[in-house]
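In what follows, every chain begins at residue 1, and chains take the letters A, B, ... in the order their sequences are listed.
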Amino acid sequence: MNDTIAAISTALGVGAISIIRVSGEDSIAIVSKIWKGKDLTKVPSHTIHYGFIYDQEELIDEVLLSIMKAPKTFTKEDIIEINSHGGIATTNRILELLLTNGCRLAEPGEFTKRAFLNGRIDLIEAEGVMDLISSKTDKSRSLALSQMTGEVSNMIHQLRTKIADVISNIEVNIDYPEYEDIEVVTIEQVKENVTYIEKEIQRILARSETGSLIKEGIKTVIVGKPNVGKSSILNRLLEEEKAIVTDIAGTTRDVVEGDIAIDGILLHMIDTAGIRETQDKVESIGVKKSLEWIQKADLVLCVFNNNEILSEEEEELLKQIEKKTSIIIVNKKDLPCQLQLPKTDIPVIRMSALENDGIEELRAEIKKIFHLEQIEQTDYTYLSSARSISLLKQSLQALQAVKEGIAQSLPIDMIEIDLKNAWNLLGEIIGETYTEELLDEMFSRFCLGK
Amino acid sequence: MYEVIVVGGGHAGCEAALATARKGHSTLLVTGNIHNIADMPCNPSIGGSAKGIVVREIDALGGEMGRNADKSLLQMKMLNVAKGPAVQALRAQADKITYPKNMIKTLESTPHLDIKEAMVEDLIVENHIVKGIVLEQGERIESKCVILTTGTYLKADILVGDTRTRQGPHGEKPSNHLSDQLKAYGFDIIRLKTGTPQRIDKNSIDFSKTQEEQGDRVYHTFSFDNEIYYDIDSQVPCHLIYTQPKTHQIIKENLHQSSMYGGLSDIKGVGPRYCPSIEDKIVRFADKERHQLFLEPESLYYDDIYIQGFSTSMPKDIQEQMVHSLPGLEHAKILKYAYAIEYDAIDAKQLKQSLETKVVENLYTAGQINGTSGYEEAACQGLMAGINAALKLEGKDPLILKRNEAYIGVLIDDLVTKGIIDPYRLLTSRAEYRLLLRHDNADLRLRDYGYQVGLVPEEKYQKFLQKKERIKEIENLLKETKITPTDSTQQYLENIPTALLKDGITLYDFLKRPEITFEHIKHFIDLKTTPEIEEQITVAIKYEGYIAKANKEALKMVDLDNKKIPDDINYDAIHNLASEAKQKLKKIQPTSIGQALRISGVNPADISLIMVYLKKEYHHGN
């Protein structure tokens with residue numbers, strides 16, 4: 001356990017500053033690789049330094065860095081804390097840099113665990129830990145479980161049952177070999193089941209979007225007829241002049257991109273050319289692209305002009321966005337209403353980009369759709385979802401190993417080992433088994449990086 | 001005055017008495033009937049899945065069962081050959097006359113061991129320490145340790161249909177008071193039940209309507225002594241038949257007459273889930289059209305045939321109908337009717353890992369009294385109880401086998417940590433590291449322990465060390481020897497067939513190919529080996545990756561098992577501990593964090609509280 005660990009130790013999505021904490025004997029060496037500023041090997045312990053985080057030649061962030069050398073630290077190991085101002089994307093980027101440079105992602109509560117194991121926590125603090133355990137256990141567990149929707153955990157439960165069926169049948173074959181009339185599990189049956197379960201897990205992974213949305217940002221596309229105010233809305237959200245805004249329809253020729261943060265969660269915005277059948281060569285490429293973007297987007301903001309009646313193109317557009325996560329924006333509400341929208345389940349926001357009226361409502365709606373309130377509430381949820389996703393991926397690997405075992409014509413006894421592994425991993429997600437790593441389990445009730 | 005008294009002469013009792021006597025401690029074996037020593041009151045077989053591996057483990061530790069079975073074989077088979085190396089196990093049909101006879105011979109020729117025929121009805125207990133036994137007529141025999149291996153004889157009731165008779169197997173006298181006395185000393189008594197099928201006169205069976213089941217065509221032995229006592233060509237076959245629709249109809253129509261299904265209203269015993277009676281099978285698996293039954297010979301010296309899979313507690317007239325509905329048994333003569341037996345057992349959670357009871361010091365229990373079923377399960381506990389009683393007499397630490405070291409370790413840990421509800425049978429699925437607990441490596445796992453405790457004689461131990469050395473040598477040789485793509489090699493590979501070589505490859509890596517066996521290796525290199533050594537090396541190399549993974553997992557467990565919980569821990573002093581957990585921890589008194597974690601109802605949060613508490617205590621101590 002002498003490896004160096006790193007984790008984001010502030011709640012994600014909240015606050016202007018995020019702290020990335022690194023602990024372990026290589027802390028200073030690893031951080032030095034991505035740090036431009038004072039020589040960290042020479043600075044005194046318990047001091048704060050101003051400098052920059054670089055990925056090779058690329059500047060990532062301007063940061064303050066606290067250095068605390070062993071043994072007078074929380075974990076009794078060298079600790080470095082990087083205070084980043086760059087919001088969630090930058091914070092994640094710094095963490096990734098640390099990981100690629102030799103840190104291991106801290107497991108839930110691992111800093112506390114090290115403090116405990118290294119004898120840092122004394123009598124009073126031990127009492128504190130105890131209180132923490134007893135008060136937080138149920139809450140963190142229920143949060144972890146609620147993260148996975150009932151539906152998903154049901155699905156995982158069913159997959160486990162399916163694996164358990166296969167396993168128990170193999171076990172019976174092994175433990176009662178003389179009974180030839182018990183159905184013998186064939187390799188084909190195992191394969192068939194594994195293939196099915198793999199597909200299901202991939203489906204669940206695709207649906208467990210929240211985790212990846214936090215990490216990669218929500219791909220957002222703004223669509224609508226030319227001159228309905230898409231770029232103005234984008235600019236209001238971006239609060240900078242990125243897209244070219246004019247009164248002439250079709251001014252935005254290229255896809256214009258920009259990132260906005262809604263309470264720390266990244267929206268990766270793409271403004272597009274207006275949707276309109278056109279002869280204009282330059283613009284038609286833009287139109288085609290915007291239709292493509294609708295398919296790829298996590299969120300579609302579909303803008304209509306309050307002052308115009310619904311066109312055929314727009315009716316078509318409404319059909320296109322029906323199956324996507326989308327918001328209908330009726331812009332120019334300051335002008336007389338001409339627009340008659342058909343009945344729809346898609347949320348509708350009325351606003352005026354020109355008068356900067358309604359932007360807040362739009363932000364609120366986006367937050368609501370992606371349950372961003374929940375994410376900022378506590379990082380437990382982020383933690384558990386990242387953990388779940390990683391467990392799902394591990395169980396996919398285990399199933400892959402089952403297939404490899406079959407390909408190598410290993411005996412069923414060996415193949416069952418990987419099957420059991422997959423079963424255990426899935427169980428961990430929904431709390432039906434516990435990991436045998438007692439201490440890891442013990443402190444996993446705590447927030448990652450605390 | 002003896003150092004050790006063993007109460008009961010079954011498979012547990014024999015191993016226990018032999019272990020203590022062989023270790024030089026004066027031992028008295030008390031049995032209700034000398035003729036029933038090492039008796040096999042149920043199936044005429046030794047071994048089977050997981051159990052066969054236990055017999056190998058007993059042998060590796062210096063116990064007797066493997067050797068004794070080798071001397072008493074009617075038929076021998078290796079099971080699960082195609083299912084993987086970890087689950088292969090030997091199963092023997094053993095002669096019910098020869099097996100006990102050989103065992104009695106061994107007992108009688110063992111120094112420091114006396115045998116006495118008597119019923120034990122009480123213990124001498126002073127200040128929670130056992131000091132000896134009290135016989136039926138009131139005679140007291142003193143000893144330093146007592147090992148109880150009473151089998152099914154505690155308040156045994158034989159159940160057939162609507163009759164309940166207070167007697168043990170073969171109509172033997174049961175012990176009527178010992179379990180009450182145990183209760184008075186503080187043991188929790190549970191009631192269990194098991195059953196056995198009919199015995200049929202061999203001469204009344206038409207074997208032409210059955211399917212013959214032969215033994216293997218290669219020699220096997222349970223014991224690492226590798227001494228062959230049987231002739232491969234003279235093995236006695238078993239015969240396979242199936243239940244008929246008529247059999248099922250008879251059972252369904254008469255279900256209410258079965259002791260277990262209403263024939264008797266006062267059934268308290270819980271039967272084994274893993275060895276159900278035929279009426280259980282038909283009720284629980286109603287959609288199954290037929291069930292397998294095996295006709296197994298009991299002995300060369302008498303004509304009884306055992307119907308494996310047909311145990312029942314129906315009245316005798318229904319049993320007649322049931323048996324006669326079976327193919328080949330239309331005119332069968334039933335020599336003994338099937339019966340169920342109810343008996344008292346103690347709650348194994350009141351035992352330490354050493355099998356010494358927590359309630360009474362120097363008192364050990366082993367076998368069915370602890371809630372297990374099966375000869376092998378009993379024997380291995382007897383051996384461990386004997387070893388640990390002797391070690392205690394010698395002032396040494398007990399021998400506790402870990403879950404990654406032996407099925408014996410799995411069994412005892414399960415018993416004392418989880419307790420039982422129904423009679424416990426060992427299954428491969430109970431072992432989380434079964435890839436490590438193989439038939440082929442039982443000696444590598446346990447011979448050292450056997451030698452250390454003094455049950456494996458020097459000569460055998462040297463033989464084992466040589467084998468170990470030879471395995472290492474050959475493994476190194478295989479790592480050093482390369483084969484290259486010469487014409488003759490490629491030709492040979494093509495004939496196997498296996499992929500041709502592009503570059504040179506070591507024989508070690510070559511053996512990893514699924515289709516390559518040790519025979520192929522011997523084509524390239526002249527090696528002096530034995531089948532045992534070849535098997536060991538082949539398994540170790542072919543499944544290297546999986547074995548390494550299992551070892552890694554096991555180490556995590558060992559790590560937790562090494563985190564000790566002191567005897568005097570006060571669970572009441574730990575705040576916030578869930579009350580269910582507290583109650584169980586107090587009863588089971590786990591000796592390590594690992595064991596505590598295996599207790600059902602104790603969750604990781606409780607464990608963390610214990611750890612923090614221990615840490616705190618530690619600080620106090622300093």
NZ (Lys420(A)) and CD (Glu432(B)) are apart, to the nearest 0.5 Å, by 8.5 Å
The reported gap from CD1 in Ile417(A) to CD1 in Ile547(B) (rounded to nearest 0.5 angstrom) is 9.0 Å
Other residues, nucleotides, ligands: >12 heavy atoms within 6.0 Å of [X] [atom1]:
X         : atom1 : value
Gln214(B) : CD    : yes
Gln400(A) : CD    : yes
Lys191(A) : NZ    : no

Look at Gly84(B), Ser429(B), Gly594(B) and state which one has the largest set of heavy-atom pairs under 4.5 Å with chain A.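 Looking at each of Gly84(B), Ser429(B), Gly594(B) in turn, Ser429(B) comes out on top.
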Greatest number of non-hydrogen atom pairs under 4.5 angstrom with chain A, of Leu426(B), Leu435(B), Asp559(B), falls to Leu435(B)
Subject >> Exercise: identify the closest heavy-atom pair between Ala401(A) and Tyr546(B) >> reply: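 Minimum heavy-atom contact is O-OH, 4.4 Å.
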### Query
At their closest point, which heavy atom of Ser409(A) faces which heavy atom of Pro514(B), and how far apart are they?
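Heavy atoms of Ser409(A) and Pro514(B) come nearest at OG-CB, 3.8 Å.
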Notebook entry, point to check: Do the side chains of Met414(A) and Pro85(B) get nearer than 4.5 Å, heavy atoms only?
Noted result: yes
Heavy-atom cut-off 4.5 Å, strictly under: side chain, backbone, both or neither for [X] against chain A?
X         : result
Arg434(B) : side chain
Ala86(B)  : both
Lys77(B)  : neither

For this session: Dump the intermediate steps for side-chain contact (heavy atoms from CB on, under 4.5 Å) on Glu553(B) and Asn421(A), then the final yes or no.
Result: CA-CA 11 Å; Glu553(B) 283 298 310; Asn421(A) 190 16; over 6 Å; no
Test side chain to side chain contact (heavy atoms under 4.5 Å, CB included), reference Ile174(A), set Leu427(B), Thr428(B), Leu79(B), output is Thr428(B)
message: Would the distance check show the side chain of Asp413(A) and the main-chain N or O of Lys83(B) forming a donor-acceptor pair, the cut-off being under 3.5 Å?
response: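 A pair under 3.5 Å: no.
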When the 4.5 angstrom heavy-atom criterion is applied to Ile167(A) and chain B, the contacting part is neither
